[in-house]
Amino acid sequence: MVSPGFHARVYACVRVVPAGFVTTYGDVATVLGSPRVARHVGFALAALDDPGVPWHRVINAAGRISHRGDLVRAELQRRRLEAEGLVFDESGRLALARHRYRFPTTALPLSDADP
DNA sequence: GGTTTGACCATAA
DNA sequence: CTTATGGCCAAAC
(Lines give C-alpha, C1' and ligand atoms only; values in the text may rest on other atoms or scores of the structure.)
Protein backbone atom coordinates (compact mmCIF):
# COMPACT_ATOMS: atom_id res chain seq x y z
CA MET A 1 0.00 0.00 0.00
CA VAL A 2 1.83 3.00 -1.21
CA SER A 3 -1.08 5.36 -1.61
CA PRO A 4 -3.35 4.86 1.37
CA GLY A 5 -6.53 6.87 1.17
CA PHE A 6 -7.94 8.44 4.25
CA HIS A 7 -10.56 5.77 4.57
CA ALA A 8 -7.99 3.02 4.49
CA ARG A 9 -6.12 4.60 7.36
CA VAL A 10 -9.29 4.92 9.39
CA TYR A 11 -10.04 1.26 8.86
CA ALA A 12 -6.50 0.32 9.82
CA CYS A 13 -6.83 2.19 13.10
CA VAL A 14 -10.22 0.82 13.98
CA ARG A 15 -9.00 -2.66 13.25
CA VAL A 16 -6.44 -2.25 16.04
CA VAL A 17 -9.06 -1.63 18.71
CA PRO A 18 -9.48 -4.85 20.67
CA ALA A 19 -12.80 -6.29 21.73
CA GLY A 20 -14.10 -4.89 24.99
CA PHE A 21 -12.66 -1.48 24.25
CA VAL A 22 -13.89 1.52 22.35
CA THR A 23 -12.41 4.61 20.81
CA THR A 24 -13.73 7.94 19.64
CA TYR A 25 -13.84 9.58 16.26
CA GLY A 26 -11.58 12.29 17.57
CA ASP A 27 -9.05 9.82 18.90
CA VAL A 28 -8.82 8.02 15.61
CA ALA A 29 -8.44 11.33 13.83
CA THR A 30 -5.71 12.34 16.25
CA VAL A 31 -3.82 9.13 15.67
CA LEU A 32 -4.09 9.72 11.97
CA GLY A 33 -2.34 13.01 12.52
CA SER A 34 -5.16 15.53 12.46
CA PRO A 35 -7.55 15.80 15.40
CA ARG A 36 -9.79 17.94 13.26
CA VAL A 37 -10.83 15.27 10.82
CA ALA A 38 -13.05 13.48 13.30
CA ARG A 39 -15.95 13.98 10.94
CA HIS A 40 -14.19 12.06 8.24
CA VAL A 41 -13.70 9.15 10.55
CA GLY A 42 -17.44 8.85 10.76
CA PHE A 43 -17.72 9.55 7.09
CA ALA A 44 -15.29 6.76 6.35
CA LEU A 45 -17.15 4.33 8.55
CA ALA A 46 -20.39 5.27 6.82
CA ALA A 47 -18.88 4.10 3.56
CA LEU A 48 -17.37 1.05 5.20
CA ASP A 49 -17.93 -2.25 3.51
CA ASP A 50 -15.50 -4.50 5.34
CA PRO A 51 -16.81 -6.93 8.00
CA GLY A 52 -13.28 -7.17 9.37
CA VAL A 53 -13.45 -3.64 10.72
CA PRO A 54 -15.05 -3.35 14.18
CA TRP A 55 -16.77 -0.07 13.37
CA HIS A 56 -19.06 -0.50 16.37
CA ARG A 57 -16.15 0.23 18.70
CA VAL A 58 -16.05 3.82 17.52
CA ILE A 59 -18.25 6.25 19.41
CA ASN A 60 -18.31 9.99 19.94
CA ALA A 61 -16.45 11.99 22.57
CA ALA A 62 -19.46 12.03 24.88
CA GLY A 63 -19.35 8.26 25.20
CA ARG A 64 -22.55 7.87 23.23
CA ILE A 65 -23.37 6.26 19.95
CA SER A 66 -23.63 8.64 17.05
CA HIS A 67 -26.56 7.56 14.98
CA ARG A 68 -27.31 10.79 13.14
CA GLY A 69 -30.73 9.53 12.25
CA ASP A 70 -30.00 5.88 11.74
CA LEU A 71 -31.39 4.44 14.94
CA VAL A 72 -31.21 0.98 13.45
CA ARG A 73 -27.45 1.26 13.15
CA ALA A 74 -27.21 2.64 16.67
CA GLU A 75 -29.11 -0.27 18.13
CA LEU A 76 -26.95 -2.77 16.31
CA GLN A 77 -23.85 -1.00 17.53
CA ARG A 78 -25.05 -0.97 21.09
CA ARG A 79 -25.89 -4.63 20.92
CA ARG A 80 -22.46 -5.52 19.64
CA LEU A 81 -20.76 -3.50 22.35
CA GLU A 82 -22.86 -5.08 25.04
CA ALA A 83 -21.95 -8.46 23.60
CA GLU A 84 -18.32 -7.56 24.23
CA GLY A 85 -18.96 -6.80 27.87
CA LEU A 86 -19.48 -3.06 27.69
CA VAL A 87 -22.23 -1.56 29.80
CA PHE A 88 -24.30 1.51 29.05
CA ASP A 89 -25.65 3.68 31.81
CA GLU A 90 -29.16 5.07 32.12
CA SER A 91 -28.39 7.90 29.76
CA GLY A 92 -27.27 5.55 27.05
CA ARG A 93 -23.65 6.39 27.61
CA LEU A 94 -20.82 4.08 28.51
CA ALA A 95 -17.83 4.64 30.75
CA LEU A 96 -15.38 6.00 28.25
CA ALA A 97 -12.76 6.41 30.94
CA ARG A 98 -12.81 2.69 31.58
CA HIS A 99 -13.18 1.26 28.13
CA ARG A 100 -11.39 3.78 25.99
CA TYR A 101 -8.63 2.16 24.03
CA ARG A 102 -5.29 3.92 23.93
CA PHE A 103 -3.58 3.67 20.61
CA PRO A 104 0.12 2.84 20.87
CA THR A 105 2.35 5.80 20.20
CA THR A 106 4.44 3.69 17.88
CA ALA A 107 4.09 0.72 15.59
CA LEU A 108 0.87 1.97 14.14
CA PRO A 109 -0.25 0.59 10.82
CA LEU A 110 0.40 3.98 9.31
CA SER A 111 4.11 3.59 8.93
CA ASP A 112 4.01 3.75 5.18
CA ALA A 113 6.17 6.84 5.34
CA ASP A 114 8.58 8.46 7.74
CA PRO A 115 8.13 12.04 8.92
C1' DG B 1 -13.17 22.58 -10.95
C1' DG B 2 -16.21 24.63 -7.17
C1' DT B 3 -20.06 23.34 -4.06
C1' DT B 4 -22.28 20.44 -0.79
C1' DT B 5 -22.20 17.22 2.78
C1' DG B 6 -21.21 14.81 6.90
C1' DA B 7 -21.68 8.04 12.16
C1' DC B 8 -17.67 15.09 14.95
C1' DC B 9 -15.57 18.32 18.55
C1' DA B 10 -14.94 22.23 21.54
C1' DT B 11 -16.78 26.19 23.30
C1' DA B 12 -20.39 29.49 24.76
C1' DA B 13 -24.82 30.79 26.52
C1' DC C 1 -29.03 19.53 31.32
C1' DT C 2 -29.95 21.59 26.15
C1' DT C 3 -29.25 24.41 21.98
C1' DA C 4 -26.35 27.19 18.96
C1' DT C 5 -22.09 28.22 16.39
C1' DG C 6 -17.71 27.88 14.11
C1' DG C 7 -14.23 25.05 12.34
C1' DC C 8 -12.28 21.36 9.95
C1' DC C 9 -11.10 18.62 5.64
C1' DA C 10 -11.69 14.30 2.61
C1' DA C 11 -15.26 12.33 -0.73
C1' DA C 12 -19.26 12.74 -3.59
C1' DC C 13 -21.79 15.46 -6.94
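A, B, ... follow the sequence lines: proteins, then strands. Residue 1 opens every chain.
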What nucleic acid atoms does R78(A) come within less than 4.0 Å of, heavy atoms only: base, sugar-phosphate, or nothing?
nothing
Starting from [atom2] on [N], measure out to [atom1] on [X] and report it in whole angstrom.
{"X": "R9(A)", "N": "dA11(C)", "atom1": "CZ", "atom2": "C1'", "result": "14 Å"}
{"X": "F43(A)", "N": "dC8(C)", "atom1": "CZ", "atom2": "P", "result": "19 Å"}
{"X": "D49(A)", "N": "dA12(C)", "atom1": "CG", "atom2": "P", "result": "13 Å"}
{"X": "F6(A)", "N": "dC8(C)", "atom1": "CZ", "atom2": "C1'", "result": "11 Å"}
{"X": "L32(A)", "N": "dA11(C)", "atom1": "CG", "atom2": "C1'", "result": "15 Å"}
{"X": "N60(A)", "N": "dA7(B)", "atom1": "CG", "atom2": "P", "result": "13 Å"}
{"X": "L71(A)", "N": "dA7(B)", "atom1": "CG", "atom2": "P", "result": "13 Å"}
{"X": "I65(A)", "N": "dC9(B)", "atom1": "CD1", "atom2": "P", "result": "13 Å"}

Has D89(A) got a side-chain atom pairing as donor or acceptor with G92(A)'s backbone, closer than 3.5 angstrom?
yes
I'd like to know if the side chain of T24(A) reaches the main chain of D27(A), judged simply by a donor and an acceptor atom lying under 3.5 Å from each other, with no hydrogens or angles considered.
yes
Considering only [options], which nucleotide approaches the side chain of [X] most closely?
{"X": "A46(A)", "options": "dA7(B), dC1(C), dA11(C)", "result": "dA7(B)"}
{"X": "A38(A)", "options": "dA7(B), dC9(B), dA11(C)", "result": "dC9(B)"}
{"X": "T24(A)", "options": "dA10(C), dC1(C), dC9(B)", "result": "dC9(B)"}

Using the closest heavy atom to pick a nucleotide of DNA chain C for each, name whichever of H7(A) or S91(A) lands nearer the 5' end.
S91(A)
Hey, which sits more toward the 5' end of DNA chain C by its nearest nucleotide, R36(A) or R93(A)?
R93(A)
For R39(A) and dA10(B), is the shortest distance between a side-chain N/O and OP1 or OP2 below 4.0 Å?
no
Is R68(A) close enough to dA7(B) that one of its side-chain N or O atoms is under 4.0 Å from OP1 or OP2 there?
yes
Side chains of F88(A) and I65(A): does their closest heavy-atom pair fall under 4.5 Å?
yes
If every non-hydrogen atom of T23(A) is compared with every non-hydrogen atom of Y101(A), which pair is closest and at what distance?
OG1-O, 4.4 Å
Compile the donor-acceptor pairs under 3.5 Å between side chains in residues 55-63 of chain A and protein atoms, sequence neighbours left out, one pair per line.
unit_1 : atom_1 : unit_2 : atom_2 : d
H56(A) : NE2    : E84(A) : OE2    : 3.0
R57(A) : NE     : E84(A) : OE1    : 3.1
R57(A) : NE     : E84(A) : OE2    : 3.1
R57(A) : NH1    : V17(A) : O      : 2.7
R57(A) : NH2    : E84(A) : OE2    : 2.8
N60(A) : OD1    : A62(A) : N      : 3.2
N60(A) : OD1    : G63(A) : N      : 3.3
N60(A) : OD1    : R64(A) : N      : 2.9
N60(A) : ND2    : R64(A) : O      : 3.4
N60(A) : ND2    : S66(A) : OG     : 3.1

